[in-house]
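Presented below is the structure to which this report refers.
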Amino acid sequence: MRKLEIYPPIMNACGILSYLSVFEHLEELGADVGAWIPKSIGPREKQGNENPVIHFNGSVLMNSMALPSMSPDDFEKELREYRGETPLIISHYGETPDDYARSVARFDKYCIAHEINISCPNFVPGEKSILEKLEPAEVLREVRKETDKPVIAKLSPSDNYIGIAQQIVDYVDYINCGNTLARGLEIEPYSGRAYLAGTFGGLSGEAIRPITTRMVYDMYKSFGNRIGIIATGGISKPDHIISYARAGASLFQIGTALHKNSTFTAFFLRNIWKDVEEILKAINVKSIDEIVGVNFVG
Ligand SMILES: Cc1cc2nc3c(=O)[nH]c(=O)nc-3n(C[C@H](O)[C@H](O)[C@H](O)COP(=O)(O)O)c2cc1C
């Protein structure tokens, strides 16, 4: 397993704070993360669903973005101009295994690791989901040939995640648990229309954290230290990071909790890891690695 050495071991979740200029701005405001992840890049420019693509019902965020993407050429231009100090992890999606492999090869020099999005549960009506189009093992086998850097496969709690992980475990270094939970429907009562233009949307935020904690736990129980686990889902407090570590995760991504203004986000990302370390000290734990997957009573 190739280890992803970042400090602090936290990142934004892909698709939240999508652009490199935003990352630079947050750094100027004092944000402190181990890596930034720009929005998933696809094989060609794509619009995704019409607006509205985001609906927050007070408990859960739903999105039906369906992977809008800039063109790979425009993305590379942005990468060349990136002046931030924090390293990047690049998230890729495609329609064929070759799309993923080409994207990984092309952008390898700009990042410290690759995240392979095979789990986005949102698509434009009429389109198929990524997993309906592709064999995960074929995608990850092709990707593995193109890079010596850590490869992360991002799965969703609504997929058969252990089954998929068994097929790809030899090609990946980390599993990201996980993408949004597929897929919800909310209907506006007076007009009778779905709130989301794409009708259905993936769920994220606080409400899904018990589901993704279960996913991390299942993954750790199945694979132990053979792969690393990234926890993504509903993190909004330092305690959530510690609980995820106990379930088996060693790296952490924060998405929906960052859907605020940039001052709040920078402040939050400057302090959350410091607070984790304070809590660890208070419970006599020297490093979070000491509690990964080993300090959990079921
Ligand atoms: C508006 C929005 C856009 C997203 N776009 C992507 C994406 O492009 N690629 C991806 O892998 N995940 C994407 N995600 C999923 C998040 O990275 C994350 O897995 C999910 O939101 C759960 O984490 P959270 O509860 O902290 O938000 C998106 C989520 C949201 C809410």
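One-based numbering, in listed order, for ligands and for the atoms of each. Source: prediction; values computed, not measured.
With atom 18 (C) of ligand 1 as the reference point, the heavy atom nearest to it among L155, I118, L203, T232 is part of T232. Taking only non-hydrogen atoms, the option from I16, N122, L258 nearest to atom 29 (C) of ligand 1 is I16.
Heavy atoms of G205 come nearer than 4.0 angstrom to ligand 1 in at least one pair. Under a 4.0 Å heavy-atom criterion, G202 is not in contact with ligand 1.
Listed by number with element, the atoms of ligand 1 under 4.0 Å from a non-hydrogen atom of K39 are 3 (C), 4 (C), 5 (N), 6 (C), 7 (C), 8 (O). Ligand 1 places these atoms under 4.0 Å from at least one heavy atom of I54: 1 (C). Counting the atoms of ligand 1 from 1 in the order shown, those under 4.0 Å from a heavy atom of S40 are 7 (C), 8 (O), 9 (N), 10 (C), 11 (O). Every atom of ligand 1 is numbered from 1 in the order shown, and the set under 4.0 Å from a heavy atom of T256 is 24 (P), 25 (O), 26 (O), 27 (O). Contact atoms of ligand 1 toward L67: 8 (O) (distance under 4.0 Å to a heavy atom of the residue). For ligand 1, the atoms lying closer than 4.0 Å to a non-hydrogen atom of G178 are 19 (O). Residue contact check: G234 has heavy atoms under 4.0 Å from atoms 24 (P), 25 (O), 26 (O) of ligand 1.
Atom 21 (O) of ligand 1 has as its closest protein heavy atom S204 CB, 3.3 Å. Residue, atom and distance of the protein heavy atom nearest to atom 13 (C) of ligand 1 are C14 O, 3.0 Å. In terms of protein heavy-atom proximity, atom 26 (O) of ligand 1 is closest to G255 N, 2.9 Å. Of all protein heavy atoms, the one closest to atom 15 (C) of ligand 1 is N179 OD1, 3.4 Å. Nearest protein neighbour of atom 20 (C) of ligand 1, counting heavy atoms only, is T180 CG2, 3.8 Å.
Residues K77 and D73 are not paired through a salt bridge, judged by the lack of any N-O separation under 4.0 Å between the basic side chain and the carboxylate. Using a cut-off of 4.0 Å between Lys/Arg side-chain N and Asp/Glu carboxylate O, R83 and E27 are scored as not salt-bridged. Between E95 and K46, no side-chain nitrogen of the basic residue sits less than 4.0 Å from a carboxylate oxygen of the acidic one, so the salt-bridge criterion is not met. Using a 4.0 Å cut-off between charged side-chain N and carboxylate O, D170 and R226 make a salt bridge. Checked for salt-bridge contact, K274 and E277 miss the test: no charged N lies under 4.0 Å from a carboxylate O. Using a 4.0 Å cut-off between charged nitrogen and carboxylate oxygen, K281 and E278 count as a salt-bridge pair.
No donor-acceptor distance shorter than 3.5 angstrom exists from the side chain of N63 to the backbone of V53, with no hydrogens or angles considered. For the pair E188 (side chain) and S191 (backbone), a donor-acceptor distance under 3.5 Å is present. For Y100 (side chain) and N117 (main-chain N/O), a donor-acceptor pair under 3.5 Å exists by modelled atom type.
Looking at M65 against ligand 1, only its side chain comes within 4.0 Å, counting heavy atoms. With a heavy-atom cut-off of 4.0 Å, K154 touches ligand 1 through its side chain alone. At a heavy-atom cutoff of 4.0 Å, ligand 1 is contacted by the side chain of L61 but not by its backbone. When heavy-atom distances to ligand 1 are checked against a 4.0 Å cut-off, N63 comes that close only through its side chain, counted from C-beta outward.
Of all the heavy atoms in N49 and V124, the pair that sits closest is OD1-CA, 3.7 Å.
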Stepwise, does the side chain to side chain donor-acceptor pair (under 3.5 Å) test hold for Y244 with T212? CA-CA 9 Å; Y244 267 133; T212 33; 2.7 Å; yes
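F107 and F75 have their aromatic ring centers within a separation under 6.0 angstrom.
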